[in-house]
Undergrad: 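Below: one structure in structure tokens.
Model, not experiment: these values are computed from the prediction.
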Amino acid sequence: MGRFKDLLASQDHLILHGALGTELEYRGYDVSGKLWSAKYLLEDPKAIQDIHETYLRAGSDIVTTASYQATLPGLESYGLTEAQAKKIIASTVDIAKSARDQVWSSLSEIEKESRPYPLISGDVGPYAAYLADGSEYTGDYGAITKQELKDFHRPRLAILKEQGVDLLALETMPNFLEAQALVELLSEDFPQVEAYISFTSQDGQSISDGTALSEVAKLVEASSQILAVGLNCSSPKVYPDFLHQLRQYTAKPLVTYPNSGEVYDGATQTWTKDPDHSHSLLENTLTWQKLGAKVVGGCCRTRPSDIQVLAQGLK
């Protein structure tokens, strides 16, 4: 590892991989159930690689592995053995690397010189993703300890590291205790690993469980391994306040990848309300860059076309 830190220092921006689960939906795949997009690691991994390739061709600098919903407990509850579950999680890195190899080999030398060699980011979704109850947007985990959260996350982190990811994406985090667990886990068990951490917020004033951004920033500032911090899978309307506040407490590069502005209903596993069309992803990102956004992209219900427009507009 080390390339993420280097690219943050040398590039004006890094464009993230876009939505995976909702892109599978757009392509006609059924992602209902607790495994969500991870179901297709078992049933049709080529469908996932195709989406990786689409985002890379659109201009993504970072390929995010399809491991958001792929956890040992989740896969084992689906009927896999522990060994099979570990193999599936490892396969997410292989699929991402294959997509990168395929796209990179198809580029001309001029095209290669105009962009960085894409990074592979190991996706670490929250405990909420395993619960599959929409708690990514509330942070309500009930009675769970920091140690239990460390034990939940440790195996996936170990597999992703062993498979050679360039960084970890600790994303869609709604719960401060979980963020503490992950920061401590990195320091204790994975001291060479680089990462960014990104939260969800419903009001732009705090993360989803109500923790103040001053507390969040204090945690991030104390970690030499968390290289960037921000907000994802939240409505575009909450970003200005969130980023303004966060910038008061940290000088680290900021991360922005909003959803479409629609609202996820965990009970029905559907998206409700209308998307926010007041500004395009590019227009929003240009505004957020002025506040320090450097790792940028789109999350649920955004499309590869959004990433393509973003890449072209920024570059």
Side-chain angles (χ1 to χ4, degrees), residues 17 19-52 63-99 120-145 147-163 165 168-175 178 181-182 185 200 233 264-271 299-300:
H17 190 289
L20 177 63
T22 56
E23 183 60 25
L24 282 166
E25 277 190 306
Y26 277 119
R27 297 184 181 201
Y29 293 91
D30 178 10
V31 296
S32 61
K34 291 191 72 170
L35 278 190
W36 198 45
S37 58
K39 176 166 61 174
Y40 292 96
L41 294 169
L42 305 170
E43 298 180 7
D44 191 355
K46 182 63 165 60
I48 292 173
Q49 181 169 331
D50 287 345
I51 291 175
H52 287 330
V63 191
T64 308
T65 62
S67 50
Y68 178 89
Q69 203 91 4
T71 63
L72 289 187
L75 291 166
E76 288 173 15
S77 68
Y78 198 71
L80 277 67
T81 66
E82 181 180 348
Q84 290 171 330
K86 288 181 176 179
K87 186 175 181 180
I88 288 297
I89 295 171
S91 76
T92 66
V93 183
D94 296 334
I95 293 167
K97 287 181 176 179
S98 293
I120 303 295
S121 173
D123 195 336
V124 179
Y127 180 69
Y130 163 66
L131 296 177
D133 61 359
S135 53
E136 289 100 324
Y137 309 105
T138 65
D140 183 5
Y141 289 176
I144 191 168
T145 67
Q147 188 59 49
E148 287 171 330
L149 288 167
K150 288 182 182 180
D151 293 342
F152 171 81
H153 282 293
R154 186 181 292 104
R156 179 169 50 178
L157 267 64
I159 294 167
L160 294 171
K161 178 182 179 294
E162 288 165 5
Q163 292 300 115
V165 297
L168 294 176
L170 314 177
E171 67 167 6
T172 327
M173 294 294 159
N175 181 286
E178 183 169 34
L182 281 164
L185 186 59
T200 60
C233 212
Y264 185 71
D265 183 334
T268 61
Q269 294 190 323
T270 57
W271 291 85
C299 205
C300 288

Undergrad: Is the shortest heavy-atom distance from the side chain of Leu42 to the side chain of Leu35 under 4.5 Å?
TA: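 Leu42 vs Leu35: side chains touch.
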Undergrad: Mind checking salt bridge (charged side-chain N to carboxylate O under 4.0 Å, His left out) for Lys86 and listing every partner two or more places apart, or none if nothing turns up?
TA: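 Lys86: salt bridge (charged side-chain N to carboxylate O under 4.0 Å, His left out) contacts with Glu82.
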Undergrad: Distance check, rounded to the nearest 0.5 Å: Ile88 atom CD1 versus Tyr78 atom OH?
TA: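 Nearest 0.5 Å value for the CD1-OH distance: 11.0 Å.
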Undergrad: How many angstroms lie between atom CG of Leu157 and atom CG of Leu182, to the nearest 0.5 angstrom?
TA: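 The CG atom of Leu157 sits 6.5 Å away from the CG atom of Leu182.
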Undergrad: Any idea which heavy atoms bring Ala47 and Leu24 closest together, and the distance?
TA: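 Looking at all heavy atoms of both residues, the closest pair is CB-CD2, 4.2 Å.
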Undergrad: Could you tell me if the side chain of Tyr29 sits less than 4.5 Å from the side chain of Asp44, heavy atoms only?
TA: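 The answer is yes, as the side chains (C-beta and beyond) meet within the 4.5 Å cut-off.
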Undergrad: Can you tell me how far CD1 of Ile159 sits from OG1 of Thr71, rounded to the nearest 0.5 angstrom?
TA: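 Output value for this atom pair is 10.0 Å.
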Undergrad: Could you tell me the separation between the CG atom of Asp140 and the CG atom of Asp133, rounded to the nearest 0.5 Å?
TA: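 The CG atom of Asp140 sits 8.0 Å away from the CG atom of Asp133.
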Undergrad: With the side chain counted from C-beta on, respond yes when Glu178 and His153 share a heavy-atom pair under 4.5 Å apart, and no when they do not.
TA: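 The answer is yes, as the side chains (C-beta and beyond) meet within the 4.5 Å cut-off.
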Undergrad: For the atom pair CG (Leu170) and CG (Asp123), what is the distance rounded to the nearest 0.5 Å?
TA: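 With rounding to 0.5 Å, CG (Leu170) is 9.0 Å from CG (Asp123).
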Undergrad: Which is it for Leu160 and Ser67 under the side chain to side chain contact (heavy atoms under 4.5 Å, CB included) test, yes or no, and what are the steps along the way?
TA: CA-CA 9 Å; Leu160 294 171; Ser67 50; 4.0 Å; yes
Undergrad: Distance-only, no hydrogens or angles: does the Glu76 side chain make a donor-acceptor pair with backbone N or O of Pro73 under 3.5 Å?
TA: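 No: the side chain of Glu76 does not pair with the backbone of Pro73.
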Undergrad: Give a yes or no on whether the backbone of Val93 and the side-chain of Gln163 come within a donor-acceptor separation of less than 3.5 Å.
TA: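 The answer is no, because no donor-acceptor pair under 3.5 Å joins these two groups.
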Undergrad: What's the shortest heavy-atom distance between Arg154 and Asp151, and which atoms?
TA: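 Smallest heavy-atom distance, with atoms named: NH1-OD1, 2.8 Å.
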Undergrad: Would you say Pro174 and Pro126 make side-chain contact, with heavy atoms under 4.5 Å?
TA: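 Heavy-atom side-chain distance check passes, below 4.5 Å.
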Undergrad: Taking Arg156 for the side chain and Gly125 for the main chain, is one N or O donor matched with an acceptor at less than 3.5 Å?
TA: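 Judged by distance alone, yes, a pair lies under 3.5 Å.
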Undergrad: Give a yes or no on whether the backbone of Glu148 and the side-chain of Thr145 come within a donor-acceptor separation of less than 3.5 Å.
TA: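 Looks like yes, one N/O pair under 3.5 Å.
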Undergrad: I'd like to know if the side chain of Tyr40 reaches the main chain of Asp30, judged simply by a donor and an acceptor atom lying under 3.5 Å from each other, with no hydrogens or angles considered.
TA: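 At least one qualifying donor-acceptor pair exists.
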Undergrad: Could you name each residue pair satisfying salt bridge (charged side-chain N to carboxylate O under 4.0 Å, His left out) that touches residues 87-99, not counting sequence neighbours?
TA: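 Found none.
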Undergrad: Between Thr92 (side chain) and Ile89 (backbone), is there a donor-acceptor pair under 3.5 Å?
TA: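 The answer is yes, because a donor-acceptor pair under 3.5 Å joins these two groups.
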Undergrad: Residues two or more places apart in sequence or in another chain: which of them pass ring pair (Phe, Tyr, Trp, His ring centres under 6.0 Å) with Tyr141?
TA: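 Once residues adjacent in sequence are excluded, the partners of Tyr141 under the ring pair (Phe, Tyr, Trp, His ring centres under 6.0 Å) criterion are Tyr127.
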Undergrad: Considering only heavy atoms from C-beta outward, does the side chain of Tyr130 approach that of Gln69 to under 4.5 Å?
TA: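 Sidechains of Gln69 and Tyr130: no contact.
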Undergrad: List the atom of Ala85, the atom of Leu72, and the distance in Å for their closest heavy-atom pair.
TA: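 For Ala85 and Leu72, the tightest heavy-atom pair comes out as CB-CD2, 3.6 Å.
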Undergrad: Working note: Tyr68 + Leu20, criterion side chain to side chain contact (heavy atoms under 4.5 Å, CB included); need CA distance, chi angles, decisive distance, verdict.
TA: CA-CA 10 Å; Tyr68 178 89; Leu20 177 63; over 6 Å; no
Undergrad: Taking all non-hydrogen atoms of both residues into account, name the closest pair between Ala128 and Ser135 and its distance.
TA: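 Smallest interatomic distance, heavy atoms only, reads CB-OG, 3.2 Å.
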Undergrad: In the structure I gave you, are the side-chain heavy atoms of Lys46 and Asp50 within less than 4.5 Å of one another anywhere?
TA: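 With C-beta onward as the side chain, the pair touches.
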Undergrad: Taking all non-hydrogen atoms of both residues into account, name the closest pair between Val31 and Gly21 and its distance.
TA: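 Result for this residue pair: CG1-O, 3.9 Å.
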Undergrad: Are any of the side-chain heavy atoms of His52 and Ile95 separated by less than 4.5 Å?
TA: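 Yes, their side chains come closer than 4.5 Å.
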Undergrad: If you define the side chain from C-beta out and look only at heavy atoms, does anything of Leu41 sit under 4.5 Å from Ile48?
TA: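 Yes, at least one pair of side-chain atoms sits under 4.5 Å.
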Undergrad: Is Thr22 reaching over with its side chain to a backbone N or O of Glu25, donor-acceptor style, under 3.5 angstrom?
TA: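 Absent.
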Undergrad: To the nearest 0.5 angstrom, please state how far the NE2 atom of His17 sits from the OG atom of Ser121.
TA: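 Result: 10.0 Å between the selected atoms.
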Undergrad: Locate the shortest heavy-atom distance separating Ser32 from Lys39; write the atom from each residue and the value.
TA: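 Result for this residue pair: O-NZ, 3.5 Å.
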